[in-house]
Every structure is written in C-alpha cells, then in structure tokens.
There are 2 protein chains.
Amino acid sequence: MAKRVTNKLVRTEREAERRKTILRAAVEVFSRKGFQGCRIADVAREAGVAYGLVYHYFKDKDELLGSVFESGWQGFLVRVQGALSQQADFEAKIRSVVHVAFEAYRRDPRGVKVLILEVGRSPSGGAVNRGTEFARVLELAASMFAEAQAQGQVPKHLDPRLSAALLFGAIEMGLTTFVMGLVERTDEVLDRARDQVAETFLRGMLGARPNVPALSTGASAEVLPSEAAPWTNVKSGTKSKAARRD
Amino acid sequence: MAKRVTNKLVRTEREAERRKTILRAAVEVFSRKGFQGCRIADVAREAGVAYGLVYHYFKDKDELLGSVFESGWQGFLVRVQGALSQQADFEAKIRSVVHVAFEAYRRDPRGVKVLILEVGRSPSGGAVNRGTEFARVLELAASMFAEAQAQGQVPKHLDPRLSAALLFGAIEMGLTTFVMGLVERTDEVLDRARDQVAETFLRGMLGARPNVPALSTGASAEVLPSEAAPWTNVKSGTKSKAARRD
DNA sequence: CAGCCGGCTGATTCTCGAATCAACGAGCAG
DNA sequence: CTGCTCGTTGATTCGAGAATCAGCCGGCTG
C-alpha cells in the first residue's frame with residue numbers, strides 16, 4: 001500500500017502541474033480574446049494539450065474561468081495581506097498596496113489584464129460569481145481604512161468601503177492606461193505612474209509632491225518573497241525566473 | 001415630388017424612432033446579460049419587435065453594440081464638454097465632471113453599467129473599436145489637466161493623461177460599487193459618494209474635508225439642460241419619465 | 001515480459017444562436 | 001379601387017464551438 005500511495009502522490013503532482021499549465025494557457029488566451037470570444041480549442045492549443053484534456057481537468061468552460069479568477073485574486077489577496085501586515089503607518093500601507101499591484105502587473109501583464117477586464121461580469125445563471133473574490137479584496141482594504149480612521153490617521157467622515165473602492169479604482173485605471181496601450185510600457189514610466197497613483201490618492205491633485213517613491217524603504221520588490229506567494233499562483237509551478245514573458 | 005419628400009421624411013422619422021427603441025432595448029439586455037451573453041432574440045423581444053427587424057436597422061450584432069457605445073459615450077462627451085466650458089476654476093471643473101458622471105448614473109444606471117462594463121473589450125478582429133470613443137473622453141480630460149498645469153493650478157510633474165485616467169478611475173470605481181450592488185443605491189448615499197470622490201481626487205485621503213458638495217453653486221442638476229443632451233441620447237426618444245425601471 | 005490501468009487523445013455529436021430570405025400587409029399613388 | 005412599395009415578419013439555414021466518448025498508449029505491476 002505504501003508504494004501505491006507514493007505513486008498516487010507522484011501522479012497527483014504531475015496532474016496538478018498539468019492543471020496549472022492549462023490554467024496558465026487559459027489566462028493567456030482569455031487576455032487575448034476575452035472569455036466569451038475564445039474557444040476551448042485555443043486554450044488546448046496554447047497549452048500544447050489535447051482538446052479533450054481540458055475537460056478532464058475542468059467540468060466546463062465556466063469552471064475554467066472560475067479557477068482562473070480564484071487563483072488570481074487569491075494570490076493578490078495574499079500579497080496584499082502580506083504587504084499590509086508589514087507596514088504600521090497608514091501612508092506606508094497605501095503605498096505598499098499600490099506597489100504590490102504595479103509589481104504584479106510588471107510581472108504578469110496578461111494575468112492582470114484578465115482579472116481587470118473580466119471583473120464584474122455576472123452570468124445571470126449563477127455559476128461562479130466572479131465578483132466574489134474581488135469583493136473580498138475590497139473588504140480587506142475597507143477594514144484597513146476603518147482601522148486607520150479609528151487611529152485618527154484618516155478623516156472620520158469618509159466611507160471606508162468607498163475609500164477602498166477608490167483606491168482600487170485609481171490603481172485599476174492607472175493600469176488600464178497600460179493595458180489599453182494608451183501609454184508605452186517602460187519600467188520607468190510604470191514607476192512614475194505608480195508613484196503618481198499613490199501620491200494622488202493620498203494628497204490629491206492639488207497636494208501632490210514630486211519625487212516621492214511608492215516605497216521609501218529599500219524593501220522594493222521584497223514585500224513578500226516571490227516564491228512564497230507569486231501573484232497568480234497559476235504561475236507558481238514554473239521556475240521562478242519565468243517572470244518577464246511578453 | 002414635394003409630397004413624396006414629405007412622406008419620406010415622416011417615414012424616416014418613424015424609422016429613427018424604431019431604431020432608438022431597439023437601441024434602448026439593447027442597452028437594457030446588454031446590462032442584464034452582457035453583450036456576448038445575450039441573444040439578438042432577447043433584444044428583439046425586449047423591443048417588442050420582430051427578430052428580423054433588428055437586422056434591418058443594424059448590419060450585425062457588432063454594429064449594434066457599436067451604436068450603443070457611440071451614442072452613449074458621445075452623449076457623455078457632450079455633457080462633459082458643457083460642464084468644463086462653464087467652469088473657469090480647475091477645482092470647479094473637476095467637481096462638475098464628477099457631478100455629470102454621477103448624475104448620468106442616477107438617471108440611467110443600466111446605460112452606465114453597459115458603458116462601464118464593456119469598455120476595453122477589443123475583439124482582435126478589428127470591427128468597431130469600443131475603446132475609441134472612451135479614449136476621446138480621456139483625451140479631453142487630459143488636455144484640461146495640461147491647461148490647468150500651464151496656469152499653475154496643478155503641479156507640473158504630473159502626467160496629464162495619467163491624471164485623466166485616475167479621475168475616471170475614481171469615478172468609475174465609485175460607480176462600480178453601486179453597479180455591483182455592494183452599496184445601497186439611495187440618493188443620499190449617491191451624493192455623499194460623489195462628494196467623496198471629488199474630494200479625494202482633489203485633496204487626497206489625508207486632506208479630505210467634510211461636507212463639501214461637488215458643486216457649491218446651486219446649479220446642481222442644471223449643468224446642462226436635461227433635454228439638450230441627455231447622457232445617452234439613446235433614451236431621448238421616450239417620454240422622459242421612463243427612467244426608473246427595475 | 002505480459003497485461004492492465006488510467007491519463008490522454010481528437011474525431012464526432014449536438015446545441016445554440018447569428019444571419020438570411022421569401023412572403024405578408026399597411027399605406028400611398030394614380 | 002388597384003396595384004405597388006417597402007417596412008416588417010419569423011421560420012429556415014448554416015456555421016461555430018461546447019461537450020462527449022470510444023479507443024490509444026505509456027508506464028507500472030506482478
């Protein structure tokens with residue numbers, strides 16, 4: 001029995017990897033054509049896998065999308081939590097959340113694009129509610145704002161949930177300019193954008209100060225060790241250097 | 001010939017109305033199921049019209065969506081232009097843009113939902129680029145920021161285009177909390193949200209002051225006369241009371 | 001080495017909805 | 001009143017692609 005179990009485990013591991021491969025391919029294809037606009041055949045081809053295998057791992061197309069979302073947002077959630085727990089100061093917290101989001105985009109623009117563009121779509125027929133995971137992230141941020149208010153770091157009259165929404169709205173739209181290709185995607189431009197987003201959110205258009213990097217600590221990319229919880233754990237299977245694929 | 005012409009005109013008028021009816025139905029259905037998720041049959045039924053007639057007025061499903069977008073964003077563009085031209089001060093301009101957007105949402109949540117949710121979707125096959133109209137709105141806002149910078153009302157180091165994106169990001173996300181049903185949609189809540197959006201954008205989280213209405217002038221809903229350019233001229237055909245169907 | 005087990009394959013089936021089109025009838029001209 | 005024009009109708013056609021399934025093959029067991 002022992003050996004059997006070992007084999008079973010090995011198999012399971014391989015299968016898990018397969019599964020990830022397909023998920024990754026799905027992200028790729030969704031980002032190119034959108035969920036509705038793409039065929040399962042596309043995903044299979046992208047993954048270098050037989051058509052039928054997709055159905056071996058996922059009940060149907062909807063479940064596939066659901067999985068993409070879950071792993072994507074969950075990964076993001078983890079990173080944001082990590083970032084928040086490492087900063088005590090409100091301002092620092094905000095900056096690090098913005099940082100995490102931009103870093104995620106730098107690492108995997110495609111993945112971010114899917115999460116951004118496909119959010120909010122709710123197929124009347126229930127299924128997986130794509131908004132759910134995102135709502136959880138919002139909730140986390142909202143409670144951070146509430147806490148900051150309790151400690152007198154943020155004006156009391158602001159609605160925490162709305163504040164959270166505005167934060168991610170600013171981030172999302174900042175990223176959207178890149179996603180849509182309205183702006184060139186240079187590292188430098190990306191950095192400036194990140195700083196402007198944080199600065200505008202904190203001090204507004206009128207109070208924005210020049211040259212304030214999003215994270216004043218040298219911590220930079222080390223908010224969380226990359227391997228611990230890459231943004232989309234979809235990508236986690238691969239050698240961690242896979243980073244810049246475009 | 002004279003009589004003929006008259007008849008032609010009458011017919012054209014009727015046709016135009018039919019067309020609008022179908023457009024309105026399309027907005028309704030798109031907002032419920034999304035563009036890809038709905039059938040032309042749904043639109044036809046909603047419009048109380050034969051299936052085939054939809055194809056009499058629109059070449060295909062894509063053109064239908066294109067028209068919805070064009071009229072929607074164009075209407076918004078007009079209102080924003082109007083709002084901007086009536087205000088000299090930068091801060092007032094910002095507040096009135098926010099005001100226009102929220103007012104549009106109050107008037108026609110469905111329509112706004114479609115415009116928000118379907119932006120950014122670009123079918124690789126060219127067709128109508130849905131981003132285009134939206135990009136024009138962004139451009140307008142960007143030039144406003146540039147102008148404000150020239151007059152020293154806004155810090156020079158900020159990127160105007162990014163600033164514009166952030167403005168609409170804040171607005172959009174503020175509205176999204178309502179679209180997603182995360183918050184109750186009361187007039188009062190809506191007003192507070194609007195003020196918070198404007199305030200946060202101008203002074204940031206840290207500098208936000210309480211109780212500053214988006215438009216200090218009593219002008220309120222009168223940024224533009226409602227009949228002149230309703231946000232979605234899609235709706236302009238009907239008796240103006242049709243508004244609140246849910 | 002044989003035999004089988006289960007992940008894997010991809011042609012086939014079947015559903016669904018976009019787009020077509022032949023025919024209808026309301027209104028207008030003559 | 002007759003006949004014609006053209007907006008309107010909805011059954012029909014057709015293609016796309018989701019989901020199925022009968023068998024294949026690589027690797028493990030005995």
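We name chains A, B, ... by the order of the sequence lines, and we start the count at 1 in each one. What you see below is based on every heavy atom in this structure, not just the backbone, and it leaves out hydrogens, waters and symmetry mates.
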Atom-pair distance ([atom1] on [X]; [atom2] on [N]), nearest Å:
| X | N | atom1 | atom2 | result |
| --- | --- | --- | --- | --- |
| A/R45 | C/dT9 | CZ | P | 14 Å |
| A/H56 | D/dC21 | NE2 | P | 16 Å |
| A/Q36 | C/dG17 | CD | P | 11 Å |
| B/D62 | C/dG17 | CG | C1' | 15 Å |
| A/F35 | D/dG17 | CZ | P | 14 Å |
| A/E17 | C/dG7 | CD | P | 16 Å |
| B/Y55 | D/dC6 | OH | C1' | 21 Å |
| A/F58 | C/dG7 | CZ | P | 15 Å |

With heavy-atom distances below 4.5 Å as the criterion, would you say the side chains of A/L84 and A/L140 are in contact?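 Side-chain contact under 4.5 Å: yes.
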
Side chain to side chain, B/V189 and A/D159, heavy atoms closer than 4.5 Å: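 Result no, sub-4.5 Å side-chain heavy-atom pair not found.
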
For A/D42, the salt bridge (Lys or Arg N to Asp or Glu O under 4.0 Å) test, sequence neighbours excluded, returns A/K33, A/R39, A/R45

I'd like to know if A/R106 pairs up with A/D191 as an ion pair, taking the criterion as any Lys NZ or Arg NE/NH1/NH2 lying under 4.0 Å from an Asp or Glu carboxylate oxygen.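 A salt bridge is present here (some side-chain N lies under 4.0 Å from a carboxylate O).
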
Using a cut-off of under 3.5 Å, enumerate the N/O to N/O pairs linking the protein to nucleotides 12-14 of chain C.
none

Could you list, one pair per line, each protein nitrogen or oxygen that sits under 3.5 Å from a nitrogen or oxygen of nucleotides 10-16 of chain D, together with the distance?
| from | atom 1 | to | atom 2 | distance (Å) |
| --- | --- | --- | --- | --- |
| D/dG10 | N7 | B/G52 | N | 3.1 |

Show me the pairs that pass side-chain hydrogen bond (donor to acceptor under 3.5 Å, both in side chains) and involve residues 160-172 of chain B, at least two apart or across chains.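 Sorted result for residues 160-172 of chain B: A/Q196-B/S163.
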
Please name all residues satisfying side chain to side chain contact (heavy atoms under 4.5 Å, CB included) with A/F168, sequence neighbours left out, ordered by chain then number. A/F76, A/V97, A/V137, A/L138, A/A141, A/I171, B/M173

Qualifying residues under ring pair (Phe, Tyr, Trp, His ring centres under 6.0 Å), relative to A/F30, sequence neighbours excluded: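 Once residues adjacent in sequence are excluded, the partners of A/F30 under the ring pair (Phe, Tyr, Trp, His ring centres under 6.0 Å) criterion are A/F35.
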
Per atom distances to the B/K61 side chain, the nearest of D/dA19, C/dA18, C/dC8 is C/dA18

Full working for side-chain contact (heavy atoms from CB on, under 4.5 Å) between A/Q74 and A/R136: CA-CA 9 Å; A/Q74 186 189 303; A/R136 205 166 301 162; over 6 Å; no

From B/L53 CG over to B/I40 CD1, what is the distance, rounded to the nearest 0.5 angstrom?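 One gets 11.5 Å once the value is rounded to the nearest 0.5 Å.
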
With a 4.0 Å cut-off on heavy atoms, is B/Y57 in touch with a base, just the backbone sugar-phosphate, or nothing at all?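 If one applies the 4.0 Å heavy-atom cut-off, B/Y57 turns out to touch the sugar-phosphate alone, with no base involved.
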
